[in-house]
Protein chains: 2
Amino acid sequence: MATLETISSIDTAPRHPIRLVANRTGLTVDLIRAWEKRYHVVEPARSDTKRRLYSDYDIERLRMIRIAKQNGRRLVDVAPMSLEALRDVVSEDSRFDAAQDNPAEVYRPSWSNPLESTDTQDAVDAMLFAIQTMDQHRFDQLLQEGLVKQALPAYLETVIGPLLREIGESTRLGKLRIAHEHMATAHLRTFIGALRFRETFTGSEPKIIITTPTGQLHELGALMIAALVSVDGWLPVYLGPNTPADEIAACAMQSGARAVSLSLTYPADDPRIPTELTRLRSQLDQKIPLFVGGSAAAHHRQLIGRLGLQSPPSLNELRQTLNELRDRGFRLQSA
Amino acid sequence: MATLETISSIDTAPRHPIRLVANRTGLTVDLIRAWEKRYHVVEPARSDTKRRLYSDYDIERLRMIRIAKQNGRRLVDVAPMSLEALRDVVSEDSRFDAAQDNPAEVYRPSWSNPLESTDTQDAVDAMLFAIQTMDQHRFDQLLQEGLVKQALPAYLETVIGPLLREIGESTRLGKLRIAHEHMATAHLRTFIGALRFRETFTGSEPKIIITTPTGQLHELGALMIAALVSVDGWLPVYLGPNTPADEIAACAMQSGARAVSLSLTYPADDPRIPTELTRLRSQLDQKIPLFVGGSAAAHHRQLIGRLGLQSPPSLNELRQTLNELRDRGFRLQSA
DNA sequence: GCAATGTTGTCCCACTTTTGTCCAGACAAA
DNA sequence: TTTGTCTGGACAAAAGTGGGACAACATTGC
């Protein structure tokens, strides 16, 4: 389907000025130039007046290089690597860093399976099969492999999201037992949660509160958002599921968050939702946008409109909106 | 064993700078050099400017040596050993370690002993402060650091457990907001969940179902058990919280589990607990022991006795019992 | 039980390499 | 005009290197 184009195809059109790159990567302008001068880390295109113009691909590479350096890599080593290679290196490092205290061998040998599933549907099916047979190890393996093949946002959208829907559907139809669903959910909780730690933070990222309101116990959607925005230079303040409106507002205040995002899935028609949303909107600073997403958001369209909440129809549009918000924030800050 | 193939597959190409090695092994840069100077523990290749360059093989050896030392081995003894020999030594030690009747008397040099109680109290306090200030990054950092200082079982018992109690208590007393508790819980969920991934499995481990019964929504206790037993050579089948008795039984059947462990925390007097436990016990093969733990287990002592369930009073005793069960199982299997 | 000896983690030094930051003067954009 | 970017170079902080010192602790021999 149309979703396939989004996979791993990061835009290589040169359009971003160096300042924006610095903001998004957490590097300084000077440093980006120094890296270019010394190691040709990136060779951006130029405008007709010799201004550097970076592509999304360049930005992503710089982000990865910064993380690789933090993991102890030398600039000389990582500078010539492709984005894919960098991703491998970084994910390898983050898997192995911090000391182990257990004798079990650490290297997951790539006695990897011949099961090459390039299509995302195949990947989802393979995962469903692993769940059905309660093969947790295989499930983990599949989750990890998938992550290497594409960038995180695309992965969440094309694999994890559909997988969640299929698990729900299969359980409803009796093709999976509740126990299977539980196991899969618990595993995904761990897996997605760990994704946030792959990013490193500079401390200058704007914060966004992410949670679900009272009565909404399913947290995976919210957790996906947290992982997603951390890639885009936000610092997610993740509160888990089922947080009362008052607490969300207080937390936004204390942490100085620039945005709040809620995920609604089940039950879709919980009567507490309108109350909680209204309450939260009124307690929150008007300048802080409140995003509402998840499969149950559609049930509350009117309410969302009335309260002036944001409800982007897809993860991509959410990213889009947040990116604009973040960059606007930078401009305001520096002015 | 099958491990031999994986060993030979470890890359011996020198490419990692010393800093990265330090990150991955949990050793300090100074220490790595000191070991080289004194015992030629590793003799890394050099770059053209004399910088040390380590291979994956070197890193793996260093990691093993660190663990061997933690188990009480002397550096002089292990320094000249091959990776294969190191693995043998380490796995032997860890089995011996786990089989000890009295963990307090395990021979260990003082510098690897469980931390002083003041240290652990300090660690817990620091974490609480991070939670209070909503400093997620610091919280993660503290959690990771703690893991380097102690072996996992000791860490869970002396730091994570007390931390959970303090969080609960502080929230009850109003010293922490619900939002703080939520954030901390979500973080701990991710952190403890990720611990399981540090283990690699051979496929021959006995399985143990770990979950909480219907109505018990707090999963951290269960998750700690899952992390703990995976160190001792069990394969946890983790189902998350709130699993109905029928599903647990079905899951035990399908996966061929050798044991089931439930965690009870809150609400302690949920009327569903007796029903569910009784139901589960009756549906489960009599040969499969059913463990019940958690702070609320004490409220159901009579029930536990009547149903013939196991309820070890501490994590250590749980390990003990499980180790015996595992080894008995091995003997049965091989006979 | 005690002194002598061995082991081991940490720290300091002087020196080199690597890496991040800053500056100046020219030019472009707002 | 003001602000930002460009180039090239200078400078300083950070990190790595070899060597050695030292304190804490364990082990050994008496």
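Heavy-atom basis, side chains included; hydrogens, waters and symmetry copies ignored. Everything numeric here is computed off the predicted structure, so don't read it as measured data. Each chain gets a letter, A, B and so on, in the order its sequence line appears, and its residues count up from 1.
B/R52 comes within contact range of the sugar-phosphate backbone alone, with a heavy-atom separation under 4.0 Å but no base atom that close. Among the atoms of the strands shown, none is found under 4.0 Å from any heavy atom of A/V29. Among the protein residues, B/R19 comes within range of the sugar-phosphate backbone only, with heavy atoms under 4.0 Å from sugar or phosphate atoms but none that close to a base.
Side-chain atoms of B/Y155 come within 3.5 Å of backbone atoms of B/L143 as a donor-acceptor pair (strictly under, hydrogens ignored). With hydrogens and angles ignored, the 3.5 Å screen pairs a side-chain donor or acceptor of B/Q136 with a backbone N or O of A/P236. The closest donor-acceptor contact from the side chain of B/D140 to the backbone of B/H137 lies at 3.5 Å or more, if one exists at all.
Each of D/dT17, C/dG9, D/dG19 was ranked by its minimum atom distance to the side chain of B/I18; first place goes to D/dT17. Nearest to the side-chain atoms of B/L75 among the listed nucleotides D/dT17, C/dT21, C/dG9 stands C/dG9. Minimum atom distance to the side chain of B/L31 is reached by C/dG9, of the listed D/dG18, C/dG9, C/dT21.
Whole-Å rounding puts the B/L27 CG to C/dC11 P distance at 15 Å. For the pair B/I32 CD1 and D/dG18 C1', the computed distance is 16 Å after rounding to whole Å. For A/W35 and C/dT19, the CH2 to P distance is 10 Å, given to the nearest whole Å. Rounded to whole Å, atom C1' of D/dA15 lies 17 Å from atom CG of A/N71. Counting to the nearest Å, the C1' atom of C/dT19 and the NE2 atom of A/H40 are 16 Å from each other. Distance A/K37 NZ to C/dG20 P: 13 Å, rounded to the nearest Å. A straight line from CD of A/Q70 to P of C/dT19 spans 15 Å, rounded to a whole angstrom. Here D/dT28 presents its C1' atom at 11 Å from CZ of B/R74, a figure rounded to the nearest Å.
Using a 3.5 Å distance cut-off with no hydrogens or angles, the side chains of B/H16 and A/D77 do not pair a donor with an acceptor. The closest side-chain donor-acceptor pair between B/D125 and B/Q121 falls under 3.5 angstrom.
Taking 4.0 Å as the cut-off between side-chain N and carboxylate O, A/D30 and A/R33 count as a salt-bridged pair.
Regarding contacts with the backbone of C/dT7, every side-chain N or O of B/Y39 stays at 4.0 angstrom or more from both OP1 and OP2. Within the structure, a side-chain polar atom (N or O) of B/K69 is placed less than 4.0 Å from OP1 or OP2 of C/dG9.
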Quiz item: When you check every protein heavy atom under 4.0 Å of nucleotides 23-29 of chain C, what one-letter string (B, S, -) results, 5' to 3'?
Solution: -----SS

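Of the two residues contacting DNA chain C, namely B/D77 and A/A34, the nearest-nucleotide position lying further toward the 5' end is that of B/D77.
Rounding to the nearest 0.5 angstrom, the gap separating the CG atom in A/L83 from the CD atom in A/E60 is 5.5 Å.
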